[in-house]
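Scroll down for the structure; my scribbles are underneath it.
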Protein chains: 2
Amino acid sequence: MAQLRIALVQADFTVGDIPGNVDLALERCREAAEQGAHLVALPEMALTGYPIEDLALRSSFVAASRRALGDLAGRLDAAGLGDLAVIVGYLGHHDDQREELGRPKGAPQNAAAVLHDGKVRSTYAKHHLPNYGVFDEARYFVSGDAMQVVRIRGVDVAFCICEDLWRDGPTMTARSADAGLLVVINGSPYERNKDDTRLELCASRAVEAGCALAYVNLVGGQDELVFDGDSIVVDAAGAVVARAPQFEEALLVVDLDLPAAAPDTTVAPAESSYEGLRIEGTVISREPVPAYEAKPGVVTPRITDEEEVWSALVTGLRGYVRKNGFRSVTLGLSGGIDSAVVAVIAADAIGADNVSCVSMPSRYSSDHSKDDAADLAERTGVAYRVVPIHDMVQAFLEPLKLTGLSEENLQARCRGVVLMGLSNEHGHLVLAPGNKSELSVGYSTLYGDSVGGYAPIKDVPKTLVWDLARWRNAIAVERGETPPIPDSSISKPPSAELRPGQVDTDSLPDYELLDDILDDYVEQDSSSAQLVAHGFDKDTVEKVLRMVDVAEYKRRQYPPGPKISVRNFGRDRRLPITSGWREVASD
Amino acid sequence: MAQLRIALVQADFTVGDIPGNVDLALERCREAAEQGAHLVALPEMALTGYPIEDLALRSSFVAASRRALGDLAGRLDAAGLGDLAVIVGYLGHHDDQREELGRPKGAPQNAAAVLHDGKVRSTYAKHHLPNYGVFDEARYFVSGDAMQVVRIRGVDVAFCICEDLWRDGPTMTARSADAGLLVVINGSPYERNKDDTRLELCASRAVEAGCALAYVNLVGGQDELVFDGDSIVVDAAGAVVARAPQFEEALLVVDLDLPAAAPDTTVAPAESSYEGLRIEGTVISREPVPAYEAKPGVVTPRITDEEEVWSALVTGLRGYVRKNGFRSVTLGLSGGIDSAVVAVIAADAIGADNVSCVSMPSRYSSDHSKDDAADLAERTGVAYRVVPIHDMVQAFLEPLKLTGLSEENLQARCRGVVLMGLSNEHGHLVLAPGNKSELSVGYSTLYGDSVGGYAPIKDVPKTLVWDLARWRNAIAVERGETPPIPDSSISKPPSAELRPGQVDTDSLPDYELLDDILDDYVEQDSSSAQLVAHGFDKDTVEKVLRMVDVAEYKRRQYPPGPKISVRNFGRDRRLPITSGWREVASD
């Protein structure tokens with residue numbers, strides 16, 4: 001056996017900011033070296049950030065990524081860290097110069113390299129390219145066909161990238177190469193309960209590969225995606241050795257006892273391969289690490305489901321604000337649950353001092369709404385002002401002679417204009433407070449409550465919004481703090497207050513029922529016939545499905561927000577606006 | 001040789017409206033039969049419309065498409081058209097029931113079938129799935145691996161689908177099968193000059209296949225895409241035999257003299273194949289058509305480049321309006337060139353009676369703007385009203401104390417609220433008048449001039465907007481009609497008129513220069529270094545590229561509009577909002 005101290009860099013790399021990412025990578029490698037690591041692994045496409053979308057098609061961007069890889073190797077060496085083996089994800093480039101339809105010459109690859117002694121010693125291109133859900137990698141990348149195994153301090157280390165672990169091939173290839181460790185670098189976005197799946201996967205794939213497995217993931221927010229970290233090390237039996245925290249940057253340093261490669265052998269002999277995936281070997285250093293006292297691995301406990309979702313929302317918002325150069329946010333506070341929860345997420349993400357809330361009462365706003373809005377501001381310490389919209393509404397209402405629903409929408413749009421005006425004047429990012437249930441059925445006003453640069457709870461169903469509110473208040477009580485959300489915002493019947501006595505259930509089923517139907521239809525793609533078979537009332541199903549189908553145009557213009565579900569609106573669920581398809585329950 | 005009269009159905013099938021599409025298919029087959037056709041070909045995915053996006057992942061939708069195929073076969077037979085061979089595109093289904101990550105069981109296929117005698121006689125699945133530009137077929141479909149050849153009235157007819165023609169394999173397979181005719185069914189969206197490419201492709205592939213080639217395409221608007229028809233028949237030497245009009249429905253009936261298959265042979269013997277693409281043969285009818293007098297094919301002349309673009313914009317808007325159930329549109333008329341052109345496109349698309357224009361002067365609006373807006377309404381006959389926005393603007397300005405750019409945006413947003421109010425009250429679809437140059441550099445107000453359900457000229461650079469205006473006026477003169485666009489709207493310097501004396505060139509380079517840079521950067525993906533090498537001023541390049549890069553968030557919330565360029569914003573060009581990447585010209 002041979003000892004090896006590995007360090008997994010769970011960090012927040014920024015899409016497109018290649019110089020910043022190189023600096024961050026170097027800094028983390030320095031910390032890892034200070035902690036005595038022999039091998040460092042950084043996440044998938046760490047040097048470019050992930051996902052880079054059509055930036056992959058820009059030859060100047062590909063060139064910058066490849067240059068950055070060499071720069072990082074050089075700077076590591078110059079900093080006296082040449083001895084450290086560093087596995088890092090970057091945007092690579094296939095040598096094949098064939099012109100092919102829809103693909104630039106020298107196609108981009110989702111790649112990983114091993115840096116050592118100032119040089120790029122081994123490169124790998126992702127074999128399995130995911131092209132479903134939020135992933136579009138077949139649009140960008142050419143698949144690699146050779147597994148890489150590098151001998152580091154006498155241990156044969158195989159490595160691959162993200163989706164490679166979820167599919168067959170690479171793990172068995174690592175076994176066939178007799179690898180002592182399999183390192184998997186990832187850009188794996190958060191969704192609810194994915195941490196459980198990920199752990200099971202790591203454990204079973206380690207057993208399959210017949211060696212320990214180290215899984216390192218990105219952390220941080222990138223438009224619709226939130227990376228939750230959750231880096232994991234398991235031993236060859238699949239038992240957890242170490243696990244990093246969720247939604248936080250971390251350097252996970254782990255001592256491993258690994259099978260030593262027989263000295264003087266070549267790495268991964270040419271004949272070893274698995275189902276068409278070749279194996280290429282590189283010797284980086286044969287000399288095993290002198291014996292040292294190993295420290296036990298740290299296994300960070302998992303957080304609860306509510307804390308997980310809350311952390312995802314906070315991480316997503318914080319990332320969007322910071323990476324887009326904002327310092328503050330603004331939103332309308334109605335006294336209702338959605339805007340209350342968004343305000344508290346914002347305060348948790350960037351500090352209450354940077355959150356500016358506006359109450360914009362109309363003549364239909366109830367006293368309790370105004371009170372609850374003010375109460376929330378008082379509890380959280382966010383800035384708060386009141387801008388009555390009556391005169392603004394009247395300025396349109398009279399010349400245009402708007403009535404009914406047009407008048408309701410007008411109120412919401414005047415509020416949108418107020419928020420955008422304050423945003424322009426003060427540089428705030430506007431937050432849209434819509435939840436997933438509303439967004440599903442189109443229960444919102446285009447250019448009204450939907451205005452904003454980011455929509456923190458757009459993937460959170462209404463019933464979960466309430467759960468999160470209760471959870472966040474309970475946590476505050478546990479910590480001896482004031483619960484941030486007024487009880488009456490949680491307990492009162494939801495209302496848009498756009499006409500006298502209006503409540504959401506005038507137009508919608510109860511949210512418990514609505515969310516159940518939406519979960520079946522939007523997340524699971526159930527047909528109306530299946531929904532009826534699941535016990536839902538046929539008329540309700542038809543009504544809800546029709547509302548969902550015709551609201552696509554509203555969703556298309558909605559701001560981005562963090563994905564927490566298995567299928568968010570946007571990257572995950574992509575439907576035509578123009579569509580004659582209607583699910584019919586009698587089908 | 002054997003005679004065959006084929007009919008290509010160039011028609012407007014609606015995404016999702018399967019029953020409507022079956023009716024339309026049946027009706028066109030009936031017309032084809034009345035004209036004596038022996039073989040009818042309908043476009044790619046005619047029964048479902050194209051592209052269906054994530055509808056492909058709904059099992060209820062796949063089932064409905066497959067049922068519709070059987071229904072169409074049955075209804076053809078019941079209508080006495082069983083004798084007609086009909087090639088039609090539909091959404092099929094692979095029998096493989098393996099569960100695979102990100103793919104529903106029994107994966108969908110982009111398929112074509114031959115119907116005859118009330119039955120589905122042969123089915124084919126698209127071999128080459130495009131996954132670049134506006135196409136995402138790797139997300140949805142499983143590739144087919146067998147070419148189909150059907151013997152119809154003694155002629156061996158091979159068929160394939162769209163992208164199959166653009167890549168290697170299927171054409172050579174048709175040659176290897178000794179086909180007498182290759183039928184290609186398409187859903188090929190318009191872009192400028194694509195008709196020339198398409199004709200060259202058909203000619204060269206016919207020569208390669210060694211047989212005549214019939215190319216049938218969709219027509220009509222579907223969200224961002226416009227299908228231009230342009231169905232083509234070429235002979236085995238690649239010479240054009242017939243060509244359908246652009247942007248119009250048509251039934252292209254063509255008499256062909258084709259090689260007769262040797263009687264009593266099997267179709268496409270098992271040993272014939274090409275590069276892994278198997279060939280399967282089906283005999284539908286051996287008996288050649290009795291000799292008849294052939295008519296010469298009709299070759300419709302091509303329209304000019306300007307007319308092509310104009311027709312695309314009109315077709316796109318008309319399709320969006322009709323298929324989404326609108327009867328009328330509204331837009332703000334500023335007196336400038338963009339809204340003038342949009343108003344005329346709308347009048348051409350759905351009739352001036354259904355176009356309702358609103359002039360919304362502020363205190364910065366010039367007299368000539370108000371005059372030009374009224375003049376356009378007079379010339380075109382669109383409905384016209386004036387809604388001054390001064391009081392609305394003041395209602396926000398005073399309590400919010402907005403200044404400078406915030407005040408400019410406020411005016412645009414008040415206009416947005418007016419238009420949306422009129423839309424809600426009267427059911428009009430709101431049109432956004434932004435052009436591609438503005439959209440590229442973010443020269444627009446979010447929720448202001450950007451409001452709308454459809455943006456007819458969002459893919460048209462400003463310089464082309466002027467060209468189109470001049471062309472449209474010239475056409476009117478040719479027809480003896482009043483030129484619809486006031487000369488001064490064309491000739492005056494463009495201005496947003498949001499502050500005194502403002503002109504676009506205060507913030508932007510001259511549009512001639514801007515559009516040249518944008519063409520290089522947005523359409524060709526040139527780097528800043530390449531742009532400088534192309535002779536553009538370094539500072540101007542940096543300024544423009546930076547404006548383009550930071551405006552992504554605005555584009556993301558912009559309404560859809562018809563693609564006319566090689567790279568439109570939306571389906572074609574997909575960039576992250578959050579991105580640290582900045583092209584630097586000194587690079």
Side-chain angles (χ1 to χ4, degrees), chain A residues 14-17 20 52-55 57-61 101-103 130-133 138-139 166-167 222-223 320 323-324 387 391-392 395-396 399-400 402 405-406 409-410 413 416-418 420-422 424-425 447 451 453 525 527 553 557 559-560 573-581 583, chain B residues 14-17 20 52-55 57-61 101-103 130-133 138-139 166-167 222-223 320 323-324 387 391-392 395-396 399-400 402 405-406 409-410 413 416-418 420-422 424-425 447 451 453 525 527 553 557 559-560 573-581 583:
Chain A
T14 300
V15 161
D17 182 15
I52 54 172
E53 307 185 45
D54 279 11
L55 287 174
L57 306 178
R58 297 195 67 77
S59 53
S60 52
F61 190 74
L101 212 56
R103 174 160 287 165
N131 201 65
Y132 56 85
R139 178 176 172 90
W166 294 78
R167 306 218 186 187
Q222 169 61 31
D223 289 350
Y320 193 89
K323 293 173 184 174
N324 286 291
V387 179
D391 293 350
M392 301 160 187
F396 292 91
L400 299 178
L402 303 182
L405 193 62
S406 311
N409 283 327
L410 173 60
R413 291 199 182 106
V417 174
V418 169
M420 293 307 297
L422 295 173
N424 284 159
E425 194 68 24
Y447 321 124
V451 306
D525 261 344
S527 68
Y553 74 100
Q557 294 190 41
R573 188 177 192 266
R574 311 177 187 179
L575 284 170
I577 295 175
T578 303
S579 169
W581 176 244
E583 287 278 346
Chain B
T14 301
V15 161
D17 181 14
I52 55 171
E53 306 184 47
D54 279 11
L55 286 173
L57 306 178
R58 297 196 66 79
S59 53
S60 52
F61 190 74
L101 213 57
R103 175 160 284 165
N131 201 66
Y132 55 85
R139 179 176 170 91
W166 293 77
R167 304 217 186 189
Q222 169 60 29
D223 290 349
Y320 194 89
K323 294 174 183 174
N324 286 290
V387 179
D391 293 350
M392 303 160 185
F396 292 90
L400 300 178
L402 303 182
L405 193 62
S406 311
N409 283 326
L410 174 60
R413 291 201 180 102
V417 173
V418 169
M420 293 307 297
L422 295 174
N424 284 160
E425 195 69 24
Y447 320 126
V451 307
D525 260 344
S527 68
Y553 73 100
Q557 293 190 39
R573 188 177 192 266
R574 310 177 187 178
L575 284 170
I577 296 176
T578 302
S579 168
W581 176 246
E583 287 278 347

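Numbered from 1 within each chain, the chains take letters A, B, ... in sequence-line order. Only this structure's heavy atoms are used, side chains among them; waters, hydrogens and symmetry mates stay out.
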Report summary line: Per-residue tally against chain A (heavy atom, under 4.5 Å) across B:Ile577, B:Leu55, B:Leu405, B:Asp17 peaks at B:Ile577
Report summary line: Looking only at B:Arg573, B:Met392, B:Gln222, B:Arg58, most heavy-atom pairs under 4.5 Å shared with chain A are made by B:Arg58
Report summary line: When the 4.5 angstrom heavy-atom criterion is applied to B:Pro560 and chain A, the contacting part is side chain
Requested in this report: Pick whichever of B:Gly20, B:Ser406, B:Ser527, B:Pro130 has the most heavy-atom pairs under 4.5 Å with chain A.
Outcome: B:Ser406
Query raised in the report: So which part of B:Tyr553 gets closer than 4.5 Å to some heavy atom of chain A, the side chain, the backbone, both or neither?
Result: side chain
Query - Side chain, backbone, both or neither of B:Leu410 within contact of chain A (heavy atoms, under 4.5 Å) - result: side chain
Query raised in the report: Is A:Asp391 reaching over with its side chain to a backbone N or O of B:Ala395, donor-acceptor style, under 3.5 angstrom?
Result: no
Report task. State plainly whether the residues B:Arg574 and A:Asp54 are in salt-bridge range, i.e. N to O under 4.0 Å. Result -> no
Query raised in the report: Is the side chain of B:Asp223 donor-acceptor paired with the backbone N or O of A:Pro576 at a distance under 3.5 Å, no angle test?
Result: no
**Report entry** Interface residue of largest heavy-atom contact number with chain A, from B:Ile52, B:Val418, B:Thr14, under 4.5 Å
**Finding:** B:Val418
**Report entry** Gap between atom CE of A:Met420 and atom CG of B:Asn409 - 0.5 Å precision
**Finding:** 7.5 Å
Query raised in the report: Between B:Gly453, B:Pro559, B:Ser59, which residue shows the highest count of heavy-atom pairs closer than 4.5 Å to chain A?
Result: B:Pro559
Requested in this report: Would you indicate whether the side-chain heavy atoms of B:Arg413 and A:Val451 approach each other to under 4.5 Å?
Outcome: no
Query raised in the report: Using 30° and 60° as the class limits, which term best fits the ring planes of B:Tyr447 and A:Tyr447: parallel, tilted or perpendicular?
Result: tilted
